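To start, the structure itself, in structure tokens.
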Amino acid sequence: MQEVLERQEREIRKRRRRRATSKRAQRELDDQLAIAVALLDEENRSRRGSQKGRGPNVDRHRHSRGIVCGGVPSSGRSSPRERKRKSAASMKAVVITTPGGPEVLQLQEVEDPELKDNEVLIKVEATALNRADILQRKGMYPPPPGSSPYLGLECSGTIEAVGKQVSRWQVGDKVCALLSGGGYAEKVAVPAGQVLLAPPGVSLQDAASFPEVSCTVWSTVFMMSRLSAGETFLVHGGSSGIGTFAIQIAKYWGAKVFVTAGSKEKLAFCKNLGADVCINYKTEDFVARVKEETGGKGVDVILDIIGAEYFRRNLDSLSFDGRLFVIGTMGGAVTEIDLRVVLSKRLTIQAAGLRYRSPENKAAVVREVENNVWPAIVAGKVKPVVYKYFPLSEAAEAHRLMESSKHIGKILLLP
């Protein structure tokens, strides 16, 4: 027993000596670090003194151990705020630095989206531009409360994570989605009800061109204005993303399609998509042309992105029981209305957007699109129309192209 006790005592003494040695080493290391930091601070003060009069444009870049200013590394110690930022998962997103022109868009490092129980997290393959993005960039179209502050109302990609309440979707699914914002990023969280399976036969990139236009056109022209086979349909801006999709889906459902556009090239493109009557609004009076083509009757449904500038002429272009649906105000938002025209022709005038609808309403629209539009896409009767692809870092150039109105169809951004 005595031998055992002595052996234990010797072991305890050894551990104590090791701890003492370790503590001395730590104290020595701390002292050395303190001296190094003091010397570094002195060198930095000396450099700053020698650089007075050189102006603020000092060479700055990052070093593997910390921020480097003028070539001198810091101690590598970060503040609690910096450590918290680094510990959070991050991604790249296009940020509106201040309301203004395309130049205010910058690609920056931001935190990953927070995934809610009823949402899926999508790794973005592509996102598409919409006119609403330009308004938001200018500070005129804020995102709904609780939505992502970043631009982008639609996307395609691969599901990376699913919320606790999500049952339909799984990690790895190839999808596209209708968003309230956040598409101009590497990842986006979206309510599961606003997600669609990427249509077979369409590349995952190009699938990003469908959610916003299909939900907009189907909910306005078909669900609310009740366009049916055999009726006549006029869409202004026939060469836009909305227009090129509307031509195809209206023809698929048996309507006669009229379009307006501003050049021979755009009108020819609309004709190739299936438009029956193509009108150059710069050289022709679309009211007179509509009356001529319909024997004075007018069209049954109009989808309009112009607003005030076309309002009265749209009413003149409608038939009895005609329906006008306004989804944009590119030509102004304020106008007068002659109610006698509305009453005498029993007209219906409606206006709506998608972004501020409730998640439940959006989910209902998405399911309608899945049932009525997706079969046409799968059958090849409705195809994506993509004008140009830009990397996410060139979002400003993509906005300039959209504002020039030189494009036909959709413009896509690729992370």
Side-chain angles (χ1 to χ4, degrees), residues 126 128-131 154 176 199-203 205-218 220-222 227-286 288-290 292-294 299-306 310 317 327-328 330 369 372-390 398 401-402 404-412:
L129 271 67
N130 289 278
R131 290 281 175 182
E154 56 191 331
C176 54
V202 176
S203 72
Q205 283 186 356
D206 288 354
S209 67
F210 280 128
E212 177 72 14
V213 294
S214 60
C215 288
T216 296
V217 173
W218 188 261
T220 56
V221 176
F222 292 90
L227 180 67
S228 57
E231 289 194 310
T232 47
F233 168 57
L234 167 63
V235 55
H236 292 297
S239 62
S240 66
I242 289 287
T244 54
F245 176 84
I247 292 169
Q248 295 180 83
I249 195 65
K251 289 298 294 182
Y252 177 78
W253 284 96
K256 182 177 182 179
V257 178
F258 293 61
V259 301
T260 61
S263 72
K264 292 182 179 179
E265 178 191 9
K266 290 181 176 180
L267 292 171
F269 195 93
C270 293
K271 189 74 173 179
N272 288 335
L273 283 179
D276 299 285
V277 179
C278 300
I279 306 166
N280 189 328
Y281 66 84
K282 293 182 179 180
T283 60
E284 297 180 85
D285 177 359
F286 73 80
R289 183 72 184 280
V290 164
E292 176 187 341
E293 296 287 343
T294 60
V299 294
D300 297 299
V301 176
I302 298 176
L303 183 64
D304 178 47
I305 60 174
I306 304 300
Y310 278 10
S317 300
I327 58 170
M330 292 175 61
V369 166
N372 296 286
V373 176
W374 249 230
I377 297 174
V378 173
K381 302 299 183 181
V382 175
K383 299 178 180 180
V385 179
V386 179
Y387 184 77
K388 192 169 183 178
Y389 306 87
F390 287 89
L401 175 59
M402 172 162 275
S404 75
S405 293
K406 294 179 180 178
H407 65 291
I408 295 174
K410 301 287 285 188
I411 302 169
L412 299 189

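Hydrogens, waters and symmetry mates are skipped; everything else that's a heavy atom, side chains included, is used. The model shown is predicted, which means the values in this text are computed figures rather than measured ones.
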dist Ile327:CD1 -> Thr220:OG1 (nearest 0.5 Å) comes out at 5.5 Å

Is it the case that atom CD in Glu284 sees more than 12 heavy atoms from other parts of the structure closer than 6.0 Å?
yes

Under 3.5 Å: donor-acceptor pair, side chain of Arg289, backbone of Tyr281:
no

With side-chain contact (heavy atoms from CB on, under 4.5 Å) as the test, would you mind laying out the steps for Val385 and Phe269 before giving the verdict?
CA-CA 10 Å; Val385 179; Phe269 195 93; 3.7 Å; yes

Hey, could you give me the OG1/CG distance between Thr216 and Asn130, rounded to the nearest 0.5 Å?
7.5 Å

Sub-4.5 Å side-chain heavy-atom contact between Phe222 and Ile249
yes

Between Glu154 and Ala128, what is the shortest heavy-atom contact and its length?
OE2-CB, 3.3 Å

Do Leu129 and Phe390 make a side-chain contact, defined as non-hydrogen atoms from C-beta onward lying under 4.5 Å apart?
no

With a 4.5 Å limit on heavy-atom distance, are the side chains of Lys251 and Asp276 in contact?
yes

If you measure from the Lys or Arg side-chain nitrogens to the Asp or Glu carboxylate oxygens, is any gap between Lys410 and Asp206 under 4.0 Å?
no

Nearest non-hydrogen partners of Ala250 and Phe233, listed with the distance:
CB-CD2, 3.7 Å

Evaluate the side-chain proximity of Phe245 to Val373: yes if any heavy-atom separation is below 4.5 Å, no if none is.
yes

Ignoring hydrogens, what is the shortest heavy-atom contact between Pro211 and Cys176? Give both atom names and the distance.
CG-CB, 3.8 Å

State, with a plain yes or no, whether a side-chain heavy atom of Trp374 is found less than 4.5 Å away from one of Ser214.
yes

Closest approach of Thr232 and Val299, non-hydrogen atoms and distance?
OG1-CA, 3.1 Å

Please list, one pair per line, the donor and acceptor atoms closer than 3.5 Å that link side chains of residues 252-261 to other protein atoms, with sequence neighbours excluded.
unit_1 : atom_1 : unit_2 : atom_2 : d
Thr260 : OG1    : His236 : ND1    : 3.0
Thr260 : OG1    : Gly237 : N      : 3.4

Given 3.5 Å as the limit, does a donor-acceptor pair link the side chain of Glu231 with the main chain of Val301, or not?
no

Answer yes or no: is there a donor N or O on one side and an acceptor on the other, between the side chain of Ser404 and the main chain of Leu401, under 3.5 Å?
yes

Residue pair His407, Lys388: steps toward the side-chain contact (heavy atoms from CB on, under 4.5 Å) verdict
CA-CA 8 Å; His407 65 291; Lys388 192 169 183 178; over 6 Å; no

Return the minimal non-hydrogen interatomic distance between Ala126 and Gln205, and the atom names on each side.
CB-O, 3.5 Å

With side-chain contact (heavy atoms from CB on, under 4.5 Å) as the test, would you mind laying out the steps for Val202 and Phe210 before giving the verdict?
CA-CA 10 Å; Val202 176; Phe210 280 128; 4.3 Å; yes

Nearest heavy-atom approach of Ala246 to Val235 is CB-CG2, 4.3 Å

